[in-house]
Protein chains: 2
Amino acid sequence: MLEVRPQPESGPARSNAQAGLSIAEAARRTGVSVHTLRYYERAGLVVTPVERTHGGQRRYCQLDLDWITVCTKLRATGMPIRVIRRYAQLVSAGHGNERERLALMEAHRADVLAKLAELQENLELIDHKIDVYRGRLAAGDADRLWAPTR
Amino acid sequence: MLEVRPQPESGPARSNAQAGLSIAEAARRTGVSVHTLRYYERAGLVVTPVERTHGGQRRYCQLDLDWITVCTKLRATGMPIRVIRRYAQLVSAGHGNERERLALMEAHRADVLAKLAELQENLELIDHKIDVYRGRLAAGDADRLWAPTR
DNA sequence: CTAGGATTTAGAGCGTGCTCGAAGTCAGGC
DNA sequence: GCCTGACTTCGAGCACGCTCTAAATCCTAG
């Protein structure tokens, strides 16, 4: 009946056995579905394997949630799963690859800036159309721009 | 051998028979593939049926190109094909539906603004990561943030 | 101990937006 | 008139990112 598992926290600090959140709670906190959480894991987006109970159920710690949040933010900026996986590999490989991580992020930043510019540019068309329609409605005028004038 | 068909323009003004550009030239000018041009037509995005030669080949006029450009700009802002089709239906229906067109565009504008805000917000994470990696590289320091610290 | 909701897996399914292919037709320079 | 490259239709294929399913297992309140 609607378990919440708000971190029993019986042991000392963390990395214990039964500590951590259920996948449902992790999904709630990260804003993605449990399906997506499992999919991300299968897709190789995780940096550190999520802990499991004795029986094999996932138990998420804060670090896991934080990383998933990073993933969702990267996804929200349009980074493909494949690239996030690459990034996750670099991160979990540890030090020594900062240059590649930097290159990856800089490339993605360029993509995002380009996307922003494109959105902003094309927003002008939308604004223009809105202006036109507002004007016509205000004037009670009828349309005759894109109608079959042929 | 690489026909260009730069508007023979034999008749008076337009809407003639053999006037208009081939699909290849239309694709070149609008920046989409011929496949996509045909797909858009099939998908019901056209406002006015593209003219055809006696033999059934498409001949695009400037109005067609302009409309396709509108479609690509709407696509570039993330408007789904289905919504563009609806918009095209409204436009080709002629006057009297400005209110609905306006509502459609205003809703889309809101979507675009939300997307812009989301991109900009998540860009901060990217910038932060870039800062971090640049700092580490500058300091010659090694990574220890997302490494398996467990 | 038990009941029953939550979780597990691997794989299939889906929605979107193209992109391609096959087999046949057309157009226009020679 | 003919040859060849461009064009036609329309259904299949594809890449992506989830989303769902089924059958089995787990976990915990009672």
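Chain identifiers are assigned alphabetically (A, B, ...) following the order of the sequence lines, protein sequences preceding nucleic acid strands; residue numbering begins at 1 within each chain. This is a predicted model, so every value here is computed, not measured. All values below were derived from every heavy atom in this structure, side-chain atoms included, with hydrogens, water molecules and symmetry-related copies excluded.
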Of the listed nucleotides ([options]), which one gets closest to any side-chain atom of [X]?
X: Gln57(B); options: dC18(D), dC26(C), dT8(C); value: dC26(C)
X: Thr53(A); options: dC26(D), dC7(D), dT8(D); value: dC26(D)
X: Arg75(B); options: dC20(D), dG17(C), dG17(D); value: dG17(C)

In terms of hydrophobic clustering (I, L, V, M, F, W, Y; side-chain heavy atoms under 4.5 Å; direct or indirect links), are Met79(B) and Val46(B) co-clustered?
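No, no single cluster joins them.
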Flag yes if Leu45(B) and Leu125(A) sit in one hydrophobic cluster, no otherwise; membership is Ile, Leu, Val, Met, Phe, Trp, Tyr, and two members link when side-chain heavy atoms are under 4.5 Å apart.
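Same cluster.
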So that I can tick it off, tell me whether Arg109(A) and Glu106(A) are bridged by a salt bridge, with the cut-off set at under 4.0 angstrom between side-chain N and carboxylate O.
no
Would you call Arg59(A) and Glu51(A) a salt bridge, taking side-chain N to carboxylate O under 4.0 Å as the test?
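Glu51(A) and Arg59(A): not salt-bridged.
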[X] [atom1] to [N] [atom2]: how many Å, rounded?
X: His54(A); N: dT7(C); atom1: NE2; atom2: P; answer: 18 Å
X: Leu21(B); N: dA27(C); atom1: CG; atom2: P; answer: 16 Å
X: Arg52(B); N: dT25(C); atom1: CZ; atom2: C1'; answer: 13 Å
X: Leu45(A); N: dG17(D); atom1: CG; atom2: P; answer: 10 Å
X: Ile23(B); N: dC26(C); atom1: CD1; atom2: P; answer: 16 Å
X: Ile81(A); N: dG17(D); atom1: CD1; atom2: P; answer: 5 Å
X: Arg28(B); N: dC7(D); atom1: CZ; atom2: P; answer: 13 Å
X: Glu25(B); N: dG28(C); atom1: CD; atom2: C1'; answer: 17 Å

Can you tell me if Asn97(A) uses its side chain to pair, donor with acceptor, with the backbone of Leu90(A) under 3.5 Å?
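Checked: pair present.
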With no hydrogens and no angle check, just 3.5 Å: does a side-chain donor-acceptor pair link Thr72(A) and Thr69(A)?
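Side-chain D/A pair, Thr72(A) to Thr69(A): absent.
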Pull out every residue in residues 36-44 of chain B that has a heavy atom closer than 4.0 Å to any atom of DNA chain C, ordered by number, or say none.
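Listed by number, they are Thr36(B), Tyr39(B), Tyr40(B), Arg42(B).
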With a 4.5 Å limit on heavy-atom distance, are the side chains of Arg82(B) and Arg86(B) in contact?
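No; the side chains remain at least 4.5 Å from each other.
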Mapping Ser33(A) and Arg58(B) onto DNA chain D by nearest heavy atom, which one lands closer to the 5' end?
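Result of the comparison: Arg58(B).
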